[in-house]
Amino acid sequence: MTGPSTSMPVAGIVPAPRQEHVQADLLVRNAKVFTGDAGRPEARAVAIREGRVAALGDDHDLAHLVGPGTKVVDALGRRVIPGLNDSHLHVIRGGLNYVLELRWDGVRSLRHALAMLREQAGRTPKGQWIRVVGGWTAEQFAERRMPTVAELNAAAPDTPVFVLHLYQSALMNRAAVRAAGFTRDTPDPRGGQIVRGRDGEPNGVLLAAPSALVLYSTLAKAPALDEADKRTSTRHFLRELNRFGLTSAVDAAGGFQNFPDNYATVVDLARSGELTLRIAYHLFPQTAGQELADLKRWTEMVKPGDGDEWLRLNGAGENLTWAAADFENFSEPRPELAAGYEAEFEQAVRLLMENGWGFRLHATYDETIRRDLAVFEKLAAEGLFPGDNRWLFDHAETVSGGSLDRIAALGGALSVQNRMSFQGTAFRDRYGAEAAAHAPPVRAMLDRGLTVAAGTDATRVSSYNPWVALHWLVTGRTVGGTALTPAGNLIDRETALGLYTRGGARLTGEQDVKGTLREGSYGDLAILSDDYLTVPEDAIPDIESVLTVVGGRVVYASAEYEGLDEAVPPVSPLWSPVAHFGGYQSGARQASLVAEAVSESEQHRRWRVARGSVPETTPSFVDPCFEH
């Protein structure tokens with residue numbers, strides 16, 4: 001064949017003779033391109049050469065860039081957007097564990113979730129655990145309840161099962177309690193509770209009260225993957241993120257993520273050119289009492305910006321010192337941080353700012369933010385704020401207008417996540433509807449001109465699906481449909497998309513090359529299954545990418561484009577839940593199961609009413625519902 005390499009039959013385009021030196025590597029045509037660039041907001045075609053956008057325009061404008069080596073993709077009139085950038089994603093930790101996890105993300109009935117668990121128990125080898133680790137909430141289920149320990153025991157009588165629910169709790173079957181070594185003599189950890197029955201024995205329920213350490217330390221007892229499988233797991237997790245149009249992420253580090261050991265897999269993939277997601281990562285001191293020593297050691301080893309466009313260090317956090325971290329378990333009262341944590345915290349911030357390091361801070365509550373800002377204002381008197389170092393608060397659900405003004409004055413930014421999609425009902429029940437209406441106050445942040453970026457905080461609370469987060473940004477609704485945010489506090493779809501593209505790029509200093517489609521920017525884009533800008537609001541969470549491009553490479557392809565993407569090795573180990581069920585369960589796959597679950601749930605409710613276990617009128621959302 002002498003014509004261009006095409007993915008679809010494309011009439012009317014022929015290769016330009018003897019123009020190989022200017023030909024595009026990839027041309028996406030017949031598209032509705034949303035560029036995110038105010039100077040040229042729309043186009044019909046995008047040409048990419050050597051990993052960068054070479055040109056935008058109409059199909060005929062770019063025809064001269066097609067040569068013998070050009071791959072031409074017909075978008076079939078679909079919407080094209082700049083690649084999405086999750087500004088707060090635990091992508092490194094998530095990748096190391098992805099193939100071990102049974103994901104309930106997107107599952108719409110508890111009946112189906114338990115069926116998945118039961119089926120997985122039949123293929124999980126002795127010694128391994130079944131892990132459901134985040135990405136779901138009871139509110140998403142038609143039954144509007146959590147599973148019970150009794151149901152876990154029935155589904156998997158011999159295989160250890162650990163089910164994490166947000167930052168609130170975890171359920172374990174009898175086999176998992178034994179595997180974790182919990183007995184009547186096991187003491188409760190600080191900030192957590194091992195719930196016990198009348199006989200004093202652990203009954204399979206763990207509660208964060210309010211610290212999630214008991215949840216994560218228990219999960220850490222499960223077997224880990226070997227190095228080869230960690231590599232494969234990470235590649236499949238990145239491919240799963242590409243499935244939703246993600247082309248970049250800012251890794252927020254997190255507990256049990258040690259540097260440099262737990263970063264070795266992504267470093268290896270970067271060196272071999274196998275990353276399919278651009279990652280800017282942070283460093284998080286893991287051990288209370290040695291945070292300053294760790295930060296000092298890191299400032300002498302590496303510096304922000306080290307790396308390349310695929311993998312680079314962005315700064316410290318999301319914790320700098322453990323004493324300064326508040327926990328966002330909305331089923332528990334707001335934690336009171338220790339008096340005097342500011343002294344050590346000030347030393348950490350000073351060390352970073354003096355060494356040219358930016359940082360991010362986990363701060364859920366305004367009470368924490370105000371105390372942190374007082375430290376920054378003290379350092380501002382010495383000229384350290386506002387400086388050239390990028391810094392931000394993460395989460396900020398209850399940040400006040402006064403604190404936002406102080407953040408702006410000190411040159412800070414904010415990263416918001418859709419934790420309210422999953423925890424919004426619990427927040428409203430504790431703090432009231434008015435507080436929930438502004439949690440977090442995204443509109444107020446933008447009105448002040450602050451840099452705001454969006455993300456998910458996946459994988460242990462929210463799902464990694466960015467379209468669930470975008471749905472929350474524009475509707476203010478939880479995954480169960482509960483309305484929290486009034487119209488006056490919502491943002492429109494284009495603004496929300498900007499938080500997921502340009503916003504994240506600003507947090508890493510890459511706004512000149514990332515977040516928009518314009519000449520010279522990275523060739524990162526997604527062709528969407530449905531038009532985000534026009535579909536009904538309720539359909540936004542069901543959007544996926546049918547073709548994702550990072551640096552001109554097709555890293556994910558489905559529908560008409562299946563087979564155009566780069567190959568990945570088979571999922572390993574073979575018994576992996578991902579090998580059988582995949583990752584996020586899309587709405588289309590789940591819809592046929594919901595009616596059955598609703599009917600069964602109503603029968604279950606009536607039986608409980610007859611027993612006197614619940615009142616005649618049951619709340620629409622019951623969490624938790626523990627039976628043993």
Side-chain angles (χ1 to χ4, degrees), residues 1-15 20 23-34 43-56 59 62-63 65-84 232 234-248 269 272-278 310 466-467 517 521-532 543-571 578 582-584 586 588:
M1 293 182 63
T2 59
S5 172
T6 63
S7 59
M8 298 288 294
V10 181
I13 293 183
V14 296
E20 289 84 354
Q23 73 180 30
D25 300 317
L26 175 70
L27 177 71
V28 177
R29 66 174 294 272
N30 189 21
K32 294 183 291 187
V33 182
F34 175 82
R44 295 289 295 175
V46 182
I48 298 172
R49 183 171 180 271
E50 296 180 350
R52 304 277 185 131
V53 174
L56 298 102
D59 289 354
L62 273 55
L65 297 176
V66 177
T70 303
K71 179 179 290 184
V72 180
V73 172
D74 187 338
L76 300 174
R78 289 187 171 107
R79 174 65 64 188
V80 171
I81 62 168
L84 298 179
T232 301
T234 298
R235 290 195 66 185
H236 278 274
F237 185 48
L238 300 185
R239 175 63 63 94
E240 173 75 352
L241 297 176
N242 298 148
R243 168 188 166 194
F244 295 100
L246 280 163
T247 59
S248 291
L269 290 172
S272 61
E274 294 174 275
L275 288 181
T276 61
L277 189 84
R278 304 183 192 274
W310 288 95
W467 300 102
L517 293 172
S521 68
Y522 292 152
D524 301 350
L525 58 82
I527 304 177
L528 303 182
S529 59
D530 298 282
D531 190 346
Y532 162 71
I543 294 173
E544 297 186 15
S545 173
V546 293
L547 188 128
T548 305
V549 175
V550 188
R553 295 163 48 197
V554 178
V555 297
Y556 177 81
S558 65
E560 295 88 352
Y561 312 106
E562 190 165 352
L564 287 181
D565 48 1
E566 302 170 353
V568 291
V571 174
V578 172
Y584 189 94
S586 71

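We number each residue from 1, following the sequence as shown. Keep in mind that this is a model prediction, so the values were computed, not measured.
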Item checked: With sequence neighbours excluded, residues passing side-chain contact (heavy atoms from CB on, under 4.5 Å) with Ala24 -> Ala47, Leu65, Thr70
Check: How many angstroms lie between atom OG of Ser529 and atom CZ of Arg78, to the nearest 0.5 angstrom?
Finding: 7.5 Å
Notebook entry, point to check: Hey, is the main chain of Ala75 close enough, under 3.5 Å, to the side chain of Asn30 for a donor-acceptor pair?
Noted result: no
Margin query: Between Asp25 and Lys71, does any side-chain N to carboxylate O distance fall below 4.0 Å?
Written below: no
Next item on the list: Would you indicate whether Glu562, at its atom CD, is surrounded by more than 12 heavy atoms from other residues, nucleotides or ligands within a distance under 6.0 Å?
Entry: no
Next item on the list: Please confirm whether the backbone N or O of Arg235 pairs with a side-chain atom of Glu274, one donor and one acceptor, at under 3.5 Å?
Entry: no
Next item on the list: For Arg239, check salt bridge (Lys or Arg N to Asp or Glu O under 4.0 Å) against everything at least two apart and list the hits.
Entry: Asp565
Margin query: Restricting to side-chain contact (heavy atoms from CB on, under 4.5 Å), what partner residues turn up for Thr234, sequence neighbours left out?
Written below: Leu96, Leu238, Thr265, Val266, Leu269
Notebook entry, point to check: Partners of Val578 by side-chain contact (heavy atoms from CB on, under 4.5 Å), sequence neighbours excluded?
Noted result: Tyr98, Val571, Ser576
Next item on the list: Would you please name every residue forming a side chain to side chain donor-acceptor pair (under 3.5 Å) with Thr276, sequence neighbours left out?
Entry: Asn242
Margin query: Going by side chain to side chain contact (heavy atoms under 4.5 Å, CB included), Leu246 matches just one of Thr548, Val550, Leu277, Val555. Which one?
Written below: Leu277
Check: Under 6.0 Å from the six-membered ring centre of Trp310 and within 45° of its axis: does the NZ or CZ of Arg553 meet both?
Finding: yes
Next item on the list: Go through the steps for Asp524 and Val549 under the test side-chain contact (heavy atoms from CB on, under 4.5 Å), then give the verdict.
Entry: CA-CA 5 Å; Asp524 301 350; Val549 175; over 6 Å; no
Next item on the list: Go through the structure and list residues passing side-chain contact (heavy atoms from CB on, under 4.5 Å) with Arg79, not counting sequence neighbours.
Entry: Lys32, Phe34, Ile81, Leu528, Asp531, Leu533
